[in-house]
Amino acid sequence: MDMTFIIVIFLIGFVGSFVSGMLGIGGSIIKYPMLLYIPPLFGLVAFSAHEVSGISAVQVLFASIAGVWAYRKGGYLNKPLIIYMGGAILAGSFVGSYGSKFLSENSVNVVYGVLALIAAVMMFIPKKQIDDKPMNEVTFNKSLSAILAFIVGIGSGIVGAAGGFLLVPIMLVVLGIPTRMTIATSLAITFISSIGGTFGKLMTGQVDYYSAVIMIVASLLAAPLGAKVGKKMNTKMLQSILAVLILATAIKIWVDLL
């Protein structure tokens, strides 16, 4: 590994993990395309879609737990929601990540593109006054939350994304969870999801260990910083940034696929 490689991979991990902590996603929504497209621009060898999904899965494990640690105080973590959605997404992510070895490179990218498109559409659906609800009065449909989490787990396990970018719009739009609680709780669920995804990728030999270590170091530094910024930002602004980010990524992926 030369210094250019280390710097490029570190910066990709830092930017993605900062966004992860700030918006409550695993960060793969932007790290996946960045790992896919940026290294070749610096004359580095391009990663395959399977390698990118493997690196992302491992990195998300550390970025999400670092973000959760930053949100541990303030009553933002909804424990029942973490249990119901976390258990379901863990099972789904293991199934998806293990099964991904049977898919072609293009198929992995198509799955990612479909997930990003669905998330983008959901983020632009008008939301009720969810942020006016007191944190201790938040309720949700337990069966629906578990079913949706399992489906998200399968798709996100395939691309190594842990599903945070899909969990956030589902929690905001479908389950009606307040924005700050959504951000903190989705990071905890994303961490659980990434356990299944990481083991699945490791078992099938889809992880580039050197790149993953660099991304992990970047995650542990950047995710807590992003969480601090997210706590201070207006909730509408946070939703808007995430919506634009997901839409831009979905467009980029589909332009390349088509």
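Computed from a predicted model, the values in this text were never measured in an experiment.
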Enquirer: When you look at Thr182 and Tyr76, which way does the side-chain contact (heavy atoms from CB on, under 4.5 Å) test go after all the steps?
Expert: CA-CA 8 Å; Thr182 289; Tyr76 297 123; over 6 Å; no
Enquirer: Any chance you could measure Ile12, atom CD1, to Ile55, atom CD1, to the nearest 0.5 Å?
Expert: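 So the gap between those two atoms works out to 9.0 Å.
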Enquirer: When you group the ILVMFWY residues by side-chain heavy-atom contacts below 4.5 Å and let the links chain together, are Val95 and Leu202 in the same group?
Expert: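 The answer is no; the residues belong to distinct hydrophobic clusters.
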Enquirer: Look up atom CG in Leu220 and atom CG in Leu225, then write down how far apart they are to the nearest 0.5 Å.
Expert: 11.5 Å
Enquirer: Is the shortest heavy-atom distance from the side chain of Leu81 to the side chain of Met171 under 4.5 Å?
Expert: yes
Enquirer: Between Val168 and Met122, is the side-chain contact (heavy atoms from CB on, under 4.5 Å) condition met? List the steps.
Expert: CA-CA 9 Å; Val168 170; Met122 290 183 69; over 6 Å; no
Enquirer: Has Ser145 got a side-chain atom pairing as donor or acceptor with Lys142's backbone, closer than 3.5 angstrom?
Expert: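 Such a contact is found between Ser145 side chain and Lys142 backbone.
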Enquirer: Decide yes or no for Ile9 and Phe47: does some side-chain heavy atom of the first lie under 4.5 Å from some side-chain heavy atom of the second?
Expert: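 Yes, at least one pair of side-chain atoms sits under 4.5 Å.
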Enquirer: Heavy-atom count check: over 12 atoms from other residues, nucleotides or ligands less than 6.0 Å from Met237 CE?
Expert: no
Enquirer: With the 4.5 Å side-chain cut-off for hydrophobic clustering, are Val207 and Ile6 part of the same group?
Expert: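 They do share one cluster, since a chain of ILVMFWY contacts under 4.5 Å joins Val207 to Ile6.
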Enquirer: Is any side-chain heavy atom of Phe10 less than 4.5 Å from a side-chain heavy atom of Val15?
Expert: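 Of all side-chain heavy-atom pairs linking Val15 with Phe10, none is under 4.5 Å.
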Enquirer: Considering all heavy atoms of both residues, which atom of Ile82 and which atom of Ile189 are nearest to each other, and what is their separation?
Expert: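 Shortest heavy-atom contact: CA-CG1, 4.0 Å.
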Enquirer: Between Thr185 and Asn78 (side chain of the first, backbone of the second, donor and acceptor by atom type, cut-off under 3.5 Å), is there such a pair?
Expert: yes
Enquirer: Heavy atoms, side chains only, cut-off 4.5 Å: are Tyr84 and Ser143 in contact?
Expert: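 No; the side chains remain at least 4.5 Å from each other.
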Enquirer: When rounded to the nearest 0.5 angstrom, what distance separates NZ in Lys79 from CD1 in Ile83?
Expert: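 Nearest 0.5 Å value for the NZ-CD1 distance: 9.0 Å.
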Enquirer: One pair to check against side-chain contact (heavy atoms from CB on, under 4.5 Å): Val52 and Asp208. What are the steps and the verdict?
Expert: CA-CA 8 Å; Val52 169; Asp208 181 292; over 6 Å; no
Enquirer: For a 4.5 angstrom cut-off between non-hydrogen side-chain atoms, does Ile241 reach Met233?
Expert: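 A side-chain contact exists here, since the closest heavy-atom pair is under 4.5 Å.
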Enquirer: Any sub-3.5 Å donor-acceptor pair from Ser17's side-chain atoms to Phe14's backbone N or O?
Expert: no
Enquirer: May I have the step-by-step check of side-chain contact (heavy atoms from CB on, under 4.5 Å) for Phe5 and Ser211, ending in yes or no?
Expert: CA-CA 9 Å; Phe5 179 86; Ser211 303; 3.2 Å; yes
Enquirer: Any chance you could measure Leu35, atom CG, to Met215, atom CE, to the nearest 0.5 Å?
Expert: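 Answer rounded to 0.5 Å: 4.5 Å.
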Enquirer: State plainly whether one hydrophobic cluster holds both Met3 and Leu11, where clusters connect Ile, Leu, Val, Met, Phe, Trp and Tyr through side-chain heavy atoms under 4.5 angstrom apart.
Expert: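 Looking at the clustering, Leu11 is in the same group as Met3.
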Enquirer: For residues Met85 and Leu175, determine if any side-chain heavy atom of one lies less than 4.5 Å from a side-chain heavy atom of the other.
Expert: yes
Enquirer: What is the distance from atom CD1 of Ile216 to atom CG of Leu221, rounded to the nearest 0.5 Å?
Expert: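 Going from the CD1 atom of Ile216 to the CG atom of Leu221 covers 12.0 Å.
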Enquirer: CZ of Phe150: more than 12 outside heavy atoms within 6.0 angstrom?
Expert: yes
Enquirer: Can you check whether Ile154 reaches Phe94 side chain to side chain, under 4.5 Å on heavy atoms?
Expert: no
Enquirer: Should Ile147 and Ile177 be counted in the same cluster of Ile, Leu, Val, Met, Phe, Trp and Tyr side chains packed under 4.5 Å apart?
Expert: no
Enquirer: Ignoring hydrogens, what is the shortest heavy-atom contact between Ala184 and Leu77? Give both atom names and the distance.
Expert: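 Minimum heavy-atom contact is O-CD2, 3.4 Å.
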Enquirer: How about Trp69: does its CH2 atom have over 12 heavy atoms from other parts shown lying under 6.0 Å from it?
Expert: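 Result for CH2/Trp69: open.
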Enquirer: For the hydrophobic clusters of this structure (ILVMFWY residues joined by side-chain heavy atoms under 4.5 Å, transitively), does one cluster hold both Val121 and Leu167?
Expert: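 In one cluster with Val121: Leu167, no.
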Enquirer: I want to check something: taking the side chain as every heavy atom from C-beta on, are Ile7 and Phe42 in contact at a cut-off of under 4.5 Å?
Expert: no
